[in-house]
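Counting convention: from 1, in listed order, for ligands and their atoms alike. Numbering of residues begins at 1 and proceeds along the displayed sequence. The basis for the numbers below is simple: all heavy atoms, side chains too, and nothing from hydrogens, waters or symmetry mates.
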Amino acid sequence: MKEKKHSIDYIEYERMEELSKKDQDILTIAISAAEGAYAPYSDFHVGAAIRLSNNTIIKGSNQENAAYPSGLCAERVAIFAASANYPNQEVETIAVYAKDSKRSNHVISPCGSCRQVISEYEHKQNKPIRILLMNSEKVVWEFKDIESLLPFSFKLKALN
Ligand code: THU
């Protein structure tokens with residue numbers, strides 16, 4: 001028997017102004033994307049912005065449904081739109097923002113399904129997807145890849 005340990009590194013920025021201009025731009029777009037959220041059931045408004053390798057920006061926001069499981073998170077709305085419209089471009093960075101007016105002020109943390117989906121594209125492009133997570137106080141957490149947020153992920157390799 002051998003006890004093993006896995007740890008992850010991430011960076012916390014107290015204010016979004018500490019990031020590069022390029023990153024501030026997609027964070028600002030993620031804030032505006034949250035305005036497109038359709039969240040009458042949770043009233044939790046999430047915005048996502050993706051920068052592709054050709055510098056195209058794709059926005060997404062959560063879209064809810066009276067049949068609850070039919071709704072989709074902002075991250076998946078954005079990354080599916082990116083892949084559908086630009087299948088040959090790589091995803092460089094995804095920025096996610098939660099307006100979270102009534103609740104706690106924690107930095108938004110993508111759900112397991114979104115992590116799995118982002119992981120699929122990271123493996124497809126064989127290049128890290130940077131993740132920026134921001135709360136309404138503009139505190140930002142930066143992860144260098146999705147592997148940090150979803151270690152030991154289930155991959156296509158496992159099916160071969
Ligand atoms: N939501 C997102 O869009 N992204 C996340 O990372 C977490 C949760 C959405 C799904 C649902 O519309 C609402 O927030 C409450 O869970």
Side-chain angles (χ1 to χ4, degrees), residues 6-16 19 22-52 56-86 89-125 127-155:
H6 179 81
S7 64
I8 56 158
D9 295 321
Y10 65 100
I11 302 170
E12 179 174 274
Y13 301 90
E14 277 175 33
R15 299 173 307 117
M16 69 180 264
L19 286 105
K22 230 176 152 183
D23 285 342
Q24 285 184 56
D25 285 350
I26 52 165
L27 286 163
T28 304
I29 293 167
I31 295 171
S32 75
E35 300 300 320
Y38 173 63
Y41 304 102
S42 70
D43 197 29
F44 188 73
H45 299 82
V46 185
I50 285 177
R51 181 186 296 282
L52 300 175
T56 301
I57 307 287
I58 310 284
K59 293 206 283 187
S61 52
N62 54 327
Q63 301 296 318
E64 297 184 348
N65 194 279
Y68 289 5
S70 303
L72 205 60
C73 296
E75 296 89 323
R76 274 176 289 162
V77 169
I79 204 160
F80 286 150
S83 180
N85 288 291
Y86 299 90
Q89 289 297 318
E90 290 164 344
V91 175
E92 274 188 355
T93 306
I94 176 163
V96 191
Y97 166 80
K99 202 163 157 191
D100 198 9
S101 49
K102 310 187 292 215
R103 300 185 181 87
S104 73
N105 216 8
H106 291 150
V107 166
I108 177 101
S109 187
C111 77
S113 297
C114 287
R115 292 175 198 214
Q116 180 66 33
V117 166
I118 298 168
S119 167
E120 178 77 17
Y121 294 106
E122 185 166 283
H123 290 116
K124 175 180 174 247
Q125 67 186 36
K127 208 168 152 194
I129 297 178
R130 284 174 70 235
I131 322 277
L132 301 174
L133 307 175
M134 181 165 73
N135 69 6
S136 38
E137 304 263 87
K138 314 287 164 65
V139 172
V140 180
W141 287 0
E142 177 188 348
F143 297 84
K144 67 179 190 335
D145 55 20
I146 190 66
E147 189 71 25
S148 307
L149 284 176
L150 189 67
F152 309 110
S153 61
F154 182 73
K155 307 177 180 82

**Study point:** Exam field: side chain E75 to backbone C114, donor-acceptor pair closer than 3.5 Å
**Key:** no

Check your understanding: Which ligand 1 atoms does S42 reach within 4.0 Å, using its non-hydrogen atoms?
Key -> 13 (C), 15 (C)

Revision key, fill the gap. Residue, atom and distance of the protein heavy atom nearest atom 9 (C) of ligand 1 read N62 ND2, 3.5 Å

Review point. How close does the nearest protein non-hydrogen atom get to atom 8 (C) of ligand 1, and which residue and atom is it?
Key: C73 SG, 4.1 Å

Exercise for review: Would you please classify the geometry between the Y10 ring and the F143 ring as parallel, tilted or perpendicular, with 30° and 60° separating the classes?
Suggested key: parallel

Review point. Residues two or more places apart in sequence or in another chain: which of them pass side-chain hydrogen bond (donor to acceptor under 3.5 Å, both in side chains) with T56?
Key: N54

Review point. In the protein, what heavy atom is nearest to atom 5 (C) of ligand 1, and what distance, to one decimal place, separates them?
Key: E75 OE2, 3.4 Å

Check your understanding: ligand 1 versus Q63, non-hydrogen atoms closer than 4.0 Å: side chain, backbone, both, neither?
Key -> neither

Exercise for review: Starting from atom 7 (C) of ligand 1, locate the nearest protein heavy atom and write down its residue, its atom name and how far away it is, to 0.1 Å.
Suggested key: I108 CD1, 4.0 Å

**Study point:** ligand 1 N/O within reach of A74 N/O, cut-off under 3.5 Å
**Key:** yes

Point to revise | Under 3.5 Å: donor-acceptor pair, side chain of R51, backbone of E92 | key: no

Point to revise | Atoms in ligand 1 flagged as close to S109, the criterion being non-hydrogen separation under 4.0 Å | key: 6 (O)

Review point. After noting the C-alpha distance and the side-chain angles of D145 and S148, does the key distance pass the side chain to side chain donor-acceptor pair (under 3.5 Å) rule?
Key: CA-CA 6 Å; D145 55 20; S148 307; 2.5 Å; yes

**Study point:** E120 atom CD, over 12 foreign heavy atoms within 6.0 Å
**Key:** no

Revision key, fill the gap. Within the 4.0 Å heavy-atom cut-off, what A98 brings close to ligand 1 is neither

Exercise for review: Look at the side chain of Q125 and the backbone N and O of K127, then say whether any donor-acceptor pair between them is shorter than 3.5 Å.
Suggested key: yes

Review point. To the nearest 0.1 Å, how far is atom 14 (O) of ligand 1 from its closest protein heavy atom, and which atom is that?
Key: F44 CD2, 3.2 Å

**Study point:** Check against side-chain contact (heavy atoms from CB on, under 4.5 Å), K99 and E35
**Key:** CA-CA 9 Å; K99 202 163 157 191; E35 300 300 320; 3.8 Å; yes

Exercise for review: Check if A37 has a non-hydrogen atom at a distance under 4.0 Å from any atom of ligand 1.
Suggested key: no

Check your understanding: For atom 16 (O) of ligand 1, is some protein heavy-atom partner under 4.0 Å away?
Key -> no

Practice item. Say whether G71 and ligand 1 are in contact under the criterion: heavy-atom distance to a ligand atom below 4.0 Å. Key: no

Review point. Backbone N or O of Y13 within a donor-acceptor pair of the E142 side chain at under 3.5 Å?
Key: no

Review point. Of the protein's non-hydrogen atoms, which lies at the shortest distance from atom 12 (O) of ligand 1, and what is that distance?
Key: E64 OE2, 2.5 Å

